[in-house]
Amino acid sequence: MSLPNFVFHNGRVVPYSEVKFGVLTHALNYGTAVFGGLRAYWNEDEKQLFIFRPHDHFRRFLQSGKLLCMELQTSGDNLLKGLVELIRTEGHEEDLYIRPLAFYSDEIIGVRLHDLTAEVSIVVMPFGAYNKNEESMHVTVSSWRRVDDNSLPARGKIAGAYVNSAFVKTDAVRAGFDEAIVLNADGHISEGSAANFFMFRNGILSTPPITANVLEGITRRTVMRLVRDELKMEVQEREIDRTELYLADEAFYCGTGAQISAITAVDHRPIGTGRLGEVTARLRKMYFDVVRGKVAKYRDWCHPVYELNQKRTSKERTHVTVE
Ligand code: PMP
């Protein structure tokens, strides 16, 4: 992966190489950072780049900061303005991944969340599929349990909590699987290492509730809306047992990175036919049309980066002030 040319840092777009941190940085030592993950999709017909649901992503990002007692002197609107400026400065005309980060930058020794200074940055980079095998993933039930709300809240994207996800992912991949299903402390399904989980069984789509130690996923909400309003099917938020998955007709992960990734086998047991199912396939098609701004009804989820007739590429290494 090549590094970005620019970064949006504390309100300004500056060269990426200009932002540097010392090894004592609090977030590096104690995991005291929060992050977001958005995508922007290139629409070739319109020659336009659309950021998907940025207001919802930045709202959750700021809420994650709130969980870590961060006083971020910014707003979702300012972050979006900065992001648009950053992408225009980079001049991208392709699908992107977007990574906002808020972190305690103090160079001190001392585990705490108070009396610290938070800084905010955003970087963007060209990005394709996160899961190699989006149409047919073979997964395992992880031996790790999901972090618990009373230990390290999963509903925020807290950097330190992603060590839990890293344990889950590495053990699954080393055991020869594509991904894992993580159970929560109660033994019910929570989600994947970095994606929410849905199961289709007996004509009903189900997903764990937001009290099951899951991230409050924006793609999860997108899927629930599309299933109810477009597929006219029932969606239940309820606890899901591990063996219900064994008997499911279809199952999939969803997330900004994962998009909609079909789970076709779990621990060598086929899910349904063992191939990409009809409901998941229909959802995938609909989802990709929606995120690229091709469905008028959901167009307000897609924020255009470029103005019409705007000269797009300005790759000079200049400082651009956006606030
Ligand atoms: N769960 C976890 C643990 C994640 O890291 C992600 C990715 N952000 C998701 C779920 C999906 O969330 P979203 O749809 O908002 O990207």
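Counting convention: from 1, in listed order, for ligands and their atoms alike. Small disclaimer: the values here were computed from a predicted structure and weren't measured. Throughout, numbering of the chain's residues begins at 1 and tracks the sequence.
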Inset, instruction - Identify whether the distance between the nearest side-chain nitrogen and carboxylate oxygen of R284 and E135 falls below 4.0 Å. - result: yes
Legend entry - Geometric N/O contact Y162 with ligand 1, under 3.5 angstrom: yes
Inset, instruction - Select the closest option to atom 11 (C) of ligand 1 among G37, A258, S190, G255, judged by heavy-atom distance. - result: G255
Inset, instruction - Examine distances only and state if a side-chain atom of E244 and a backbone atom of D241 form a donor-acceptor pair shorter than 3.5 Å. - result: yes
Legend entry - Separation between CG of L79 and CG of L86, rounded to the nearest 0.5 Å: 11.5 Å
Inset, instruction - Flag the pair Y30 / Y104 as yes when their ring centroid distance falls below 6.0 Å, and as no otherwise. - result: no
Legend entry - S165 touching ligand 1 at heavy-atom level, < 4.0 angstrom: no
Legend entry - Interfacing atoms of ligand 1 (cut-off 4.0 Å, heavy-atom, R60): 12 (O), 13 (P), 15 (O)
Quick one: side chains of residues 285-295, donor-acceptor pairs under 3.5 Å with protein atoms, not counting sequence neighbours, listed by atom name and distance.
unit_1	atom_1	unit_2	atom_2	d
K285	NZ	D289	OD2	2.7
R292	NH1	W42	O	2.9
R292	NH1	D95	OD1	2.9
R292	NH1	D95	OD2	3.4
R292	NH2	D95	OD2	3.0

Inset, instruction - Mind checking whether A194 contacts ligand 1 via backbone (N, CA, C, O), side chain (CB onward), both or neither, at a 4.0 Å heavy-atom cut-off? - result: both
Inset, instruction - Give me the ring orientation class for F198 and F252: parallel if the planes are under 30° apart, tilted from 30 to 60°, perpendicular past 60°. - result: parallel
Legend entry - ligand 1 atoms in contact with G217 (distance to a heavy atom under 4.0 Å): 12 (O), 13 (P), 14 (O), 15 (O)
Inset, instruction - State whether the shortest distance between N or O atoms of S193 and N or O atoms of ligand 1 falls below 3.5 angstrom. - result: no
Inset, instruction - Provide the number and element of each atom of ligand 1 under 4.0 Å from a heavy atom of R146. - result: 3 (C)
Legend entry - Nearest non-hydrogen protein atom, atom 1 (N) of ligand 1: E191 OE1, 2.5 Å
Inset, instruction - Under 4.0 Å, heavy atoms only, figure out whether ligand 1 is touched by the backbone of R53, its side chain, both or neither. - result: neither
Inset, instruction - Taking atom CD of E278 as the centre, report whether more than 12 heavy atoms of other residues, nucleotides or ligands fall under 6.0 Å from it. - result: no
Legend entry - Shortest protein heavy-atom distance from atom 8 (N) of ligand 1, along with the residue and atom involved: K157 NZ, 2.7 Å
Legend entry - Residue portion contacting ligand 1 (non-hydrogen atoms closer than 4.0 Å) for E216: neither
Inset, instruction - For atom 16 (O) of ligand 1, find the nearest protein heavy atom and state the residue, atom name and distance (0.1 Å precision). - result: T256 OG1, 2.6 Å
Inset, instruction - Would you check the N or O atoms of T219, main chain and side chain alike, for any that come under 3.5 Å of an N or O of ligand 1? - result: yes
